[in-house]
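I have placed the structure first, in the form of structure tokens, so that the comments after it can refer back to it.
Just the heavy atoms: all of them, side chains too, but no hydrogens, waters or symmetry mates, feed the values below.
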Amino acid sequence: MSEATAPKAVEGPLNFLDDRLGSTGFLNRNLKKVFPDHWSFMLGEIALYSFIILLLTGTFLTLWFKPSMMEVVYDGSYTKLNGVKMSEAYASTLHITFDVRGGLLMRQIHHWAAILFMASILAHMLRVFFTGAYRKPRELNWLIGITMFVLGMLEGLFGYSLPDDLLSGTGLRITQGVLESIPVVGTYGYMFLFGGEFPGQDIVPRLFTLHILLIPGLILGLVTAHMMIMWHQKHTAMPVKNQTEEQVYGYPFYPVFMAKTGAYFLFTFGVLALLGTFAQINPIWLFGPYDPGAISAGSQPDWYMGVLEGALRIMPNWEITAWGHTLSLNVLIPALVPLGIIFTGAALWPFIEAWVTGDKRPHHVNDRPRNAPVRTAVGMAAVTFYGLLWVAGANDVVADKFHVSLYATTWFFRVTFFIGPVIAYVITKRFCLGLQRKDAETVAHGVESGTILMSPDGKFSERHEPARDEQRAVLLSKETARPEAPAVDANGVPAPSTKGPVGHLRSRLQRAWTFDDIPVEEHEHGHEVEGGRRPEQIEH
């Protein structure tokens, strides 16, 4: 905690509030809260600022948008569609775009902010995962982050479905198919959302309510809970010199962090304004109003829904019929299984890791990704899994741009869907272990100085110098893997944690987690590396 005191400019207002609310101590204490100075912590702030911009621009758009499926004849500034029958929702979107001052800019900033919001949440969560920042006591915030990402996907889906253009109608048709493929409750969910036969008159008003009221309210509540928990638990920190689990190094909230974060909000807003001004997105007037009988080639969802699109595209046409009912596995499996694996696996991972490693300690200092090779490899396997499905969602574009068969791209993704994550796991783990060996060598023998020496017998060698204190602190932040718990005690009685199939599974997983760990420690006479081989000594 910083020892700085609040400046005089703040003392006056604090005294005013304290005389009435008795809150000076609370405010004064929290104004000194320390924020670590590392660029990766800004990823979460980009998500927060994007969400604020989404609320502001969304409020502007609701002033003119009409959530109605009532049919009207368009008569506006976009003359190419004059006289065309369309829904009132689509007509009002054209009105916002071409007749409301600043309407197109607000639409585009809103859409870009939604994309940046989802991208920054994902980047933030990847940072948290690869550094182990989700470990005790931050599991709840990890679950909140996953929930926000899922809600963000729904919010985005419902948002770009509102204009009732050809692209959004195609997305709604897929949504209908996914809902109807779910056994038992699927048709109820479909009727609840659409209010009748597709597309019906109720879908846009219902999506509008969900989009501007329910889901933003839930996200706002989760953001508040996330910030309160973070504020209470304090930030994690990257390993630096003198960093401990009890001490956080950084800048106080006021004035340094407040100035930096204020500027960062302006940067985020500026980037989104530039994108909204110069980068066209979702030109709904080019797509035209939705027509169930029309198909648009090259239609692509926003990037965060591409994984679902990809899973649907590469799934074989499987259906089974039993007891008079048809189960569409070709829709049900890709709609639920890949995303279920990703999000359920991510939600359970902190608890699985703690169970496997037996590490129930609180952690406030992050791991370097290389120092947890299994975790990093699993994360890269998940990224590969997600990325392949995401690219598969654009396999028609890939086939067109690279002049290959569409069926060849489909089969390529069907195969790599299974073997790609495995390859990513193996390569990532070997890469991490290689970096650990390099760290161990640096700690044991120092860093290359660039100075070449010649010995009396004519041999050349490079002088190695001790690593800087800051670098050594980072390298030595790696903990040696905790030893595996003995399977039996001194009397030969099996340990309770190793009994039964679950105990055997845990023992095997713990062994897989730790068996090729490479200690990064200070040694007086060199350093043992994997396999017992001692690195070649360098003579000076």
Side-chain angles (χ1 to χ4, degrees), residues 1-2 26 29-38 40-45 47-48 120-151 218-240 242-253 257 261 343-369 371-372 374-376 378-379 382 473-474 477-482 485 497 506 509-510 513-514:
M1 182 72 72
S2 169
F26 173 81
R29 183 174 63 253
N30 284 284
L31 284 174
K32 300 175 187 175
K33 178 179 168 56
V34 169
F35 283 79
D37 186 33
H38 192 274
S40 64
F41 290 97
M42 289 294 181
L43 295 171
E45 293 182 42
L48 176 62
S120 52
I121 287 183
L122 183 60
H124 180 61
M125 291 180 64
L126 288 175
R127 195 277 295 174
V128 170
F129 181 86
F130 285 120
T131 59
Y134 53 77
R135 292 174 294 177
K136 184 181 179 181
R138 296 178 174 80
E139 299 96 329
L140 287 178
N141 253 351
W142 173 250
L143 296 176
I144 287 175
I146 293 172
T147 306
M148 279 197 290
F149 188 81
V150 174
L151 287 175
L218 292 174
I219 294 177
L220 186 60
L222 291 174
V223 169
T224 305
H226 181 80
M227 298 295 292
M228 291 177 66
I229 293 174
M230 183 274 293
W231 200 277
H232 172 70
Q233 295 177 339
K234 301 180 177 58
H235 270 292
T236 56
M238 294 299 181
V240 294
N242 299 326
Q243 181 72 62
T244 67
E245 293 284 350
E246 292 76 27
Q247 186 77 22
V248 176
Y249 285 86
Y251 295 107
F253 178 74
F257 184 79
T261 197
F343 291 117
T344 305
L348 296 179
W349 181 261
F351 309 100
I352 294 174
E353 180 180 321
W355 176 67
V356 170
T357 61
D359 185 1
K360 306 296 177 60
R361 301 168 299 166
H363 290 275
H364 303 293
V365 179
N366 293 327
D367 279 338
R368 302 172 77 202
N371 292 340
V374 173
R375 177 199 302 150
T376 304
V378 169
V474 173
S477 66
K478 177 184 182 302
E479 285 188 326
T480 301
R482 296 159 65 89
S497 60
R506 179 176 179 273
L509 291 175
Q510 187 182 29
W513 190 282
T514 59

Could you walk me through whether Trp513 and Arg375 satisfy the side-chain contact (heavy atoms from CB on, under 4.5 Å) test, starting with their C-alpha distance in whole Å, then the side-chain angles of each, then the deciding distance to 0.1 Å, before giving a yes or no?
CA-CA 9 Å; Trp513 190 282; Arg375 177 199 302 150; 4.1 Å; yes

Check the pair Asp367, Lys478 against salt bridge (Lys or Arg N to Asp or Glu O under 4.0 Å), reporting the backbone distance first and the verdict last.
CA-CA 7 Å; Asp367 279 338; Lys478 177 184 182 302; over 6 Å; no

For Ser40, is there any backbone N or O sitting under 3.5 Å from a side-chain donor or acceptor partner on His38?
yes

Audit row: Glu139, Tyr134, side-chain contact (heavy atoms from CB on, under 4.5 Å) steps and yes/no
CA-CA 5 Å; Glu139 299 96 329; Tyr134 53 77; over 6 Å; no

With rounding to the nearest 0.5 Å, note down the distance linking CG in Asn371 to OG1 in Thr131.
11.5 Å

Steps toward side-chain contact (heavy atoms from CB on, under 4.5 Å) verdict (Ile146, Met125)
CA-CA 8 Å; Ile146 293 172; Met125 291 180 64; 3.3 Å; yes

Quick check: does any side chain N or O of Gln233 sit under 3.5 Å from a backbone N or O of Pro137, one acting as donor and the other as acceptor?
yes

Can you label the angle between the His226 ring and the His124 ring as parallel, tilted or perpendicular, going by 30° and 60°?
perpendicular

Which of Lys234, His235, Arg138 passes side chain to side chain donor-acceptor pair (under 3.5 Å) with His364? It is Arg138

Got a second to check how far Lys136's NZ is from Asp359's CG, nearest 0.5 Å?
9.5 Å

For the residue pair Phe149 and Phe343, categorise the inter-ring angle as parallel (less than 30°), tilted (30 to 60°) or perpendicular (more than 60°).
tilted

Is there a side-chain contact between Pro239 and Val365 in this structure, where contact means two heavy atoms from C-beta onward sitting under 4.5 Å apart?
yes

Answer yes or no: is there a side-chain heavy-atom contact under 4.5 Å between Ile229 and Ile144?
yes

Any donor-acceptor pair under 3.5 Å from Trp142 side chain to Phe129 backbone
no

Are any of the side-chain heavy atoms of Asn141 and Met230 separated by less than 4.5 Å?
yes

To the nearest 0.5 Å, what is the distance between CG on Asn366 and OG1 on Thr236?
3.5 Å

Measure from the side-chain N and O atoms of Arg135 to the backbone N and O of Pro362, and report whether any donor-acceptor pair falls under 3.5 Å.
no

